[in-house]
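Basis for what follows: all heavy atoms, side chains included, without hydrogens, waters or symmetry-related copies.
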Amino acid sequence: MSERLATIASASGLHARPAALFAEAAGALDIEVTIAPKGAPEDEALDASSILSLMTLGAAKGDEVVLRASGDGAEAALDSLVALLETDLDAV
Amino acid sequence: MQNFSGVGVMPGRVIGTIRHMPPALSEPPAGEKLDASVTAEQAIAGLKEAAASVQADLRTRAATASPEAKAVLEATAQMATDSMLLKGANKLINTGLSAERGIWESGETVAQMLITLGGYMAERATDVLDVRARIVAALRGVPAPGIPDSTDPFILVAEDLAPADTATLDPARVVALLTTGGGPQSHTAIIARAMGLTAIVAAKGLEVLESGTEIFVDGAAGTISTSPGDEERRAVAAWLKNAELLSVFDGEGVMADGHLVPLLANVGGGKDAVKAAAAGAQGVGLLRTEFCFLGRDTEPSIEEQVAEYRAVFDAFGSKKVVVRTLDAGADKPLPFLTDASEPNPALGVRGYRTDTTSPGVLARQLSAIATASAGSEAEVWVMAPMVSTPSEAADFAAMCADAGLSIPGVMVEVPSAALSSESILGQVSFASLGTNDLTQYTMAADRQLGPLAALNNPWQPAVLRLIELTVAGSRAEGNHKPVGVCGEAAADPALAVVLVGLGVSTLSMSARSLASVAAVLKTVTLERAGELAQLALAAPSAEAARTVVREALPALAELGL
């Protein structure tokens, strides 16, 4: 299991368009990635490719979240998703 | 040829093919079990397939949609196959529930979660429920609910439209709107007028027409016929020529003898106000302030309100803006003001009456209006909705004075207010007739009910009589206090003539109707309008009143109104 900590950079937080773009990117991967608020138990982590889960997570700009994945390519996949979270997608 | 008729609510002559609005989707019964011939695995696979087809369908639609609609459709498409939604449903299917019931409940859970989060998330709950309904429709093999998708323009036939449906009504695709239910003052009718969409409501029997049937619609006459021929095609061509003329209002409502009738606009916010000002409106006769409040869990701050009101005042320079204080209740519930459990909300604590159960909200709103007014050039008048007695009028006038607002008035919507207008106008500076509610209360007929459309008609002589009494009360009071009309009745060019003939001094309407009302008023003198008003008052029925007045106004037929 690989893990990464990321800080939400999008001005509107992880809703609306940023959430849609992130969920789409996570869904396009061959491996399952979960997302959870920093400090939350691992078994409460949510499916990162689910737009509805991301919305109920309610992460705001500046909030820290933990991404987890395992299997082939997990490291590279997590790196790309962290980069996405740390970009202000509202400005793209 | 088959003929149908209903109540025309927006003039226009159109030939086109019809499409029916699919019936609302029924909820899968609670506890509906998986069919014995299907395993849970098969049901889960079927659900996945249905979700994927809904997603594909929404993506296809997104590809040809306007940029604004595209974003919504793409987000909704993404939700269709969302793991949270589907996993929730799969869990329920594994307990033995049907796929339809499983996705229904799972969608409900997710929607509730979003509603609890509030704000932007709560707004997305509607999208989740929309997706859920589409998936259930796909599982059942029936058309998806909502306005049918078509790349070609069509005439929409529906029983009635929900506010959510009207929001997705694309005037480039829907060229006319026909409903078998609803009344002339239902929200469908109000939306059609605001959009300038040719519309007829309460047209019974249209269900029998097949989708794709070509028909001719005359929105002014309220008639529909199949197999249109040359005569109908000429009528459409003539209308299109007139429509150009009727799209421009020169900014002065004047009768044939030079009598001035200021034509004002009903607006619901800053953007609306800018459009109305551009359409030539001589001011605002009704600013609905609910737009600041609806869809919120808590009262907006005074600062927020000031900014919203200010945007409207600024659109009209030094002209008159009549602000109606918050009209919550009945069909416009607000969680922090109204009690949703009232058995009879139209007769409940609504409009001005909410000040007795939730004091403070109105005083703060008046203070916000006063602040917004102080920094603007507009001539600001303020009126309270649902006032029934002179003492309520006096209390409201005192509250306005406390807030520093100098021109207080009341809406006359309740028959008691019309009957006691002399005493009421002794307390305030003006009155404005809200004909939609005045009709509903005079006739004891719910505005939203199709079967009561004939009763719920502002041409009813009894309603006209109350309007006449309201004006007579003002004359008896002696200080020439103005009585205007800000209900939908003012947007009907023939009825507008009658209202002026009854002594009404200003008319306020949806900005789209200004040009047609002005065009007809121009052809009549005040004296003639008075004669026509008397004919309408003496008529035995609403239909007879309308017919006798319309026959005396040849301009209506010439203009296709």
Side-chain angles (χ1 to χ4, degrees), chain A residues 8-37 40-63 65-71 77 81 84-85 88-92, chain B residues 47-48 51-52 54-56 58-59 62 65 67-91 102-135:
Chain A
I8 308 291
S10 293
S12 69
L14 201 50
H15 342 128
R17 191 157 167 273
L21 292 172
F22 179 76
E24 210 169 271
L29 299 169
D30 291 331
I31 51 169
E32 272 189 31
V33 181
T34 67
I35 184 167
E42 200 178 322
D43 60 357
E44 282 176 24
L46 301 162
D47 179 356
S49 70
S50 158
I51 174 92
L52 294 171
S53 299
L54 295 178
M55 282 165 61
T56 54
L57 189 68
K61 181 180 162 70
D63 283 358
V65 295
V66 181
L67 300 181
R68 293 186 183 90
S70 51
L81 291 179
L84 203 52
L85 286 182
D88 183 357
L89 296 171
D90 285 315
V92 176
Chain B
L47 177 60
K48 194 175 169 190
V54 167
Q55 181 172 58
L58 289 169
R59 290 217 163 118
E68 215 170 290
K70 190 183 172 124
V72 175
L73 286 168
E74 277 173 353
T76 319
Q78 203 173 11
M79 284 180 192
T81 58
D82 192 276
S83 67
M84 186 180 192
L85 188 64
L86 292 183
K87 276 182 189 161
N90 294 348
K91 220 181 252 178
I103 191 73
W104 190 268
E105 287 185 17
S106 174
E108 192 67 44
T109 309
V110 175
Q112 283 307 326
M113 234 187 251
L114 294 174
I115 288 167
T116 313
L117 288 167
Y120 170 84
M121 308 296 178
E123 287 167 31
R124 299 279 73 78
T126 324
D127 300 341
V128 174
L129 296 178
D130 177 52
V131 156
R132 165 180 87 167
R134 287 174 181 281
I135 296 177

Please round to the nearest 0.5 Å and tell me the distance separating atom CG of A:L52 and atom CE of B:M113. 9.5 Å
Under the rule for side chain to side chain contact (heavy atoms under 4.5 Å, CB included), what residues qualify as partners of B:A125, not counting sequence neighbours? B:A111, B:L114, B:I115
Got a list of the donor-acceptor pairs under 3.5 angstrom between chain B and chain A?
residue	atom	partner	partner atom	Å
B:Q78	NE2	A:A20	O	2.8
B:D82	OD1	A:S50	OG	2.5
B:D82	OD2	A:S50	OG	3.0
B:D82	OD2	A:I51	N	2.7
B:D82	OD2	A:L52	N	3.1
B:S83	OG	A:D47	OD2	2.5

